[in-house]
Amino acid sequence: MAGCISFTATRDRCFRFSFSNAGLKSATTDLGQGTIMHCWAPKAHKDSKPNLLLLHGFGANAMWQWNDFLPPLTRRFNVYVPDLLFFGDSHTSRPDRTEAFQAQCVAALLQAHGVRTSSVVGISYGGFVAYSLAAQFPERVEKVVLCCAGVCFEEKDLDEGLFQVKSVDEAAEILLPQTPEKLRQLLRLAFVKPSKVTPTCFLTDYINVMCTENIQERKELIESLYKDRKLSDLPKITQPTLIIWGEKDLVFPIELAHRLKRHLGENAELVVIKNAGHAVNVEKANEMYKHLRSFLIDSTAPIVQKNHSNGRHVD
């Protein structure tokens, strides 16, 4: 109903205040050739701090996925949180929809902000972009964290039944929900224990605010991920890499985590978080941060290998 308060829009404004309070500012950069990227960047870049890039997945804009991690990370890093193309306030008129192009735009954005090197953390789709960034610009990426990012899946996995969905079109309908039922289906895939009592009006409000723009372009991003994808074409990144995965991920099954670990070999370590699904950054934010801290900050400390939710499970 016109004039009603939007819970989603209100929460978005709260996130904006939270990001600003954490020492970040909203900045929009024209990269040329019809490409505009929005990024939350430090209000005051400090040369004494290392740089950290946080890349979001499909869903809402970057604020919704990284808000809980900002206070501890901004104390230790110059943190950059961009909206990837066709999310938030980032867009392009160019036709390229590959994660490689996204990575090139992120690299140009960092260069525009004067960032020469950084570590990168990517969630889901953001992990695809992070991996491509590390592969294309190895001299500019120090460490890589991939969270539930099925970068090593193959197109044939869809036909062979690895995923819950049967086609790219079905995946797009769920990842880009246009009805409350499709949004509920997405929540069931993303969370181990999704809320069973979320009112339909809240779901409709979220869709109206977050899911109605750039639908065709986002679908093309999904199609680009699947098309002709083969593990044999995936380069091996050379940076130290931490793979974080929810044990019960239904979007990208945990088999893909082990496949990625085998692909990268000794250069990577795998952490499996118990009782977590695809949205591990929401369900287990504290545990995920502990692993981020250990890998990005305390990496000189000995790693205790344990097979439970508070320790590292190394494949």
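Numbering starts at 1 and runs along the sequence shown. Worth saying up front: this structure is predicted, and the values here are computed from it rather than measured.
Contact between N61 and M210 at its shortest, heavy atoms only, is ND2-CE, 3.8 Å. When every heavy atom of L256 is checked against every heavy atom of F163, the shortest pair comes out as CD1-CE2, 4.0 Å. Counting all heavy atoms, side chain and backbone alike, A62 lies closest to P82 at CB-O, 3.5 Å. Contact record, S119 with L296: CB-CD2, 4.0 Å, taken as the closest heavy-atom pair. Residue E283 comes nearest to G277 through the heavy atom pair OE1-N, 2.6 Å, listed as atom of the first residue, atom of the second, then distance. Annotation for A276 and V280: closest pair CB-CG2, 4.0 Å, computed over non-hydrogen atoms.
Counting heavy atoms from C-beta outward, V145 and T241 have side chains that stay 4.5 Å or more apart. Looking only at side-chain heavy atoms (C-beta outward), C105 and L85 come within less than 4.5 Å of each other. Counting heavy atoms from C-beta outward, L133 and L53 have side chains that approach closer than 4.5 Å. Between Q178 and I215 there is a side-chain heavy-atom pair separated by less than 4.5 Å. Between E223 and R97, the closest side-chain pair of non-hydrogen atoms is not below 4.5 Å. Side chains of I273 and E247 form no contact here, defined as non-hydrogen atoms less than 4.5 Å apart. Under the 4.5 Å side-chain criterion, counting only non-hydrogen atoms from C-beta, L189 is in contact with L250. Using a 4.5 Å heavy-atom cutoff, the side chains of T92 and F86 are in contact.
Of the listed residues (Y125, W40, F87, W64), just one forms a ring pair (Phe, Tyr, Trp, His ring centres under 6.0 Å) with H56, and that residue is F87. Results of the ring pair (Phe, Tyr, Trp, His ring centres under 6.0 Å) test with F252 over F58, W245, F128 single out F128 as the only residue that passes. When each of R229, R259, K230 is checked for a salt bridge (Lys or Arg N to Asp or Glu O under 4.0 Å) with D157, only R259 meets the rule.
The closest donor-acceptor contact from the side chain of Q136 to the backbone of A100 lies under 3.5 Å. Between the side chain of N281 and the backbone N or O of Q65, at least one donor-acceptor pair lies under 3.5 Å. Judged by distance alone, the side chain of S18 and the main-chain N or O of C14 form no donor-acceptor pair under 3.5 Å. Judged purely by atom type and a 3.5 angstrom limit, D83 has no side-chain atom pairing as donor or acceptor with the backbone of S90. For the pair R184 (side chain) and T198 (backbone), a donor-acceptor distance under 3.5 Å is present. A distance-only check finds no donor-acceptor pair linking the side chain of D249 to the backbone of I254 [under 3.5 Å]. The closest donor-acceptor contact from the side chain of K46 to the backbone of N78 lies at 3.5 Å or more, if one exists at all. Side-chain N or O atoms of H91 include none that pairs as donor or acceptor with a backbone N or O of N214 at under 3.5 Å. Checking side-chain atoms of E155 against main-chain N and O of D228 turns up a donor-acceptor pair under 3.5 Å. N267 places a side-chain N or O within 3.5 Å of a backbone atom of Q239 that can act as its donor or acceptor partner.
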Problem - Full working for side-chain contact (heavy atoms from CB on, under 4.5 Å) between L110 and N51 - result: CA-CA 10 Å; L110 291 178; N51 302 314; over 6 Å; no
Problem - Criterion side chain to side chain donor-acceptor pair (under 3.5 Å) on N286 and D68, from CA distance to verdict - result: CA-CA 9 Å; N286 290 337; D68 291 344; over 6 Å; no
Exercise for the section: Any chance you could lay out the side chain to side chain donor-acceptor pair (under 3.5 Å) test for R11 and T8, step after step, and finish with the verdict? Expected result: CA-CA 5 Å; R11 192 173 187 186; T8 305; over 6 Å; no
Exercise for the section: Let me see the working for V168 and I222 under side-chain contact (heavy atoms from CB on, under 4.5 Å), right down to the final yes or no. Expected result: CA-CA 7 Å; V168 176; I222 297 171; 4.1 Å; yes
Problem - side-chain contact (heavy atoms from CB on, under 4.5 Å) evaluation trace for L260 with Y131 - result: CA-CA 11 Å; L260 181 57; Y131 195 99; 4.1 Å; yes
Handout entry: side chain to side chain donor-acceptor pair (under 3.5 Å) evaluation trace for S167 with D169
Key = CA-CA 5 Å; S167 68; D169 286 341; 5.3 Å; no
Exercise for the section: Could you give me the CA-CA distance, side-chain angles and deciding distance for F191 and K248, then say whether side-chain contact (heavy atoms from CB on, under 4.5 Å) is met? Expected result: CA-CA 9 Å; F191 292 87; K248 299 181 180 180; over 6 Å; no
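Clustering ILVMFWY residues whenever any of their side-chain heavy atoms sit less than 4.5 angstrom apart, transitively, puts I36 in a cluster other than the one holding M63. Following chains of ILVMFWY side-chain contacts shorter than 4.5 Å, one cannot reach V209 starting from F202, and the two form parts of different hydrophobic clusters. By the criterion of side-chain heavy atoms lying less than 4.5 angstrom apart, applied directly or through intervening Ile, Leu, Val, Met, Phe, Trp or Tyr residues, V192 is not grouped with V251; the two fall into different hydrophobic clusters. Hydrophobic clustering of Ile, Leu, Val, Met, Phe, Trp and Tyr side chains at less than 4.5 Å, counting indirect connections, unites I244 with I297.
Taken to the nearest 0.5 Å, the SG atom of C152 stands 6.0 Å off from the CG atom of L231. Annotation: the span from T200 atom OG1 to I207 atom CD1 amounts to 9.5 Å, rounded to 0.5 Å. With rounding to the nearest 0.5 Å, the separation of CG in L225 from CD in E99 is 5.5 Å. Of the inter-residue distances, the one linking K227 atom NZ with E220 atom CD reads 12.5 Å to the nearest 0.5 angstrom. Between C211 atom SG and L183 atom CG the span is 6.5 Å, to the nearest 0.5 Å. Here I174 contributes atom CD1 and L187 contributes atom CG; the two are 11.5 Å apart, rounded to the nearest 0.5 Å.
Shown here is Q111, whose CD atom has no more than 12 heavy atoms of other residues, nucleotides or ligands within 6.0 Å. Enclosure of atom CD in E213 is not indicated, since only 12 or fewer non-hydrogen atoms of other residues, nucleotides or ligands lie within 6.0 angstrom. More than 12 non-hydrogen atoms from other residues, nucleotides or ligands lie less than 6.0 angstrom from CG of D30. Counting heavy atoms of neighbouring residues, nucleotides and ligands inside a 6.0 Å radius, atom NZ of K156 does not exceed 12 of them.
Between K166 and D159 there is no salt bridge, since no side-chain N of the basic residue sits under 4.0 Å from a carboxylate O of the acidic one.
Considering only residues two or more places apart in sequence or on other chains, D205 meets the salt bridge (charged side-chain N to carboxylate O under 4.0 Å, His left out) condition with none of them.
For the pair R140 and F137, the cation sits on the ring face: its NZ or CZ lies under 6.0 Å from the ring centre, inside 45° of the axis.
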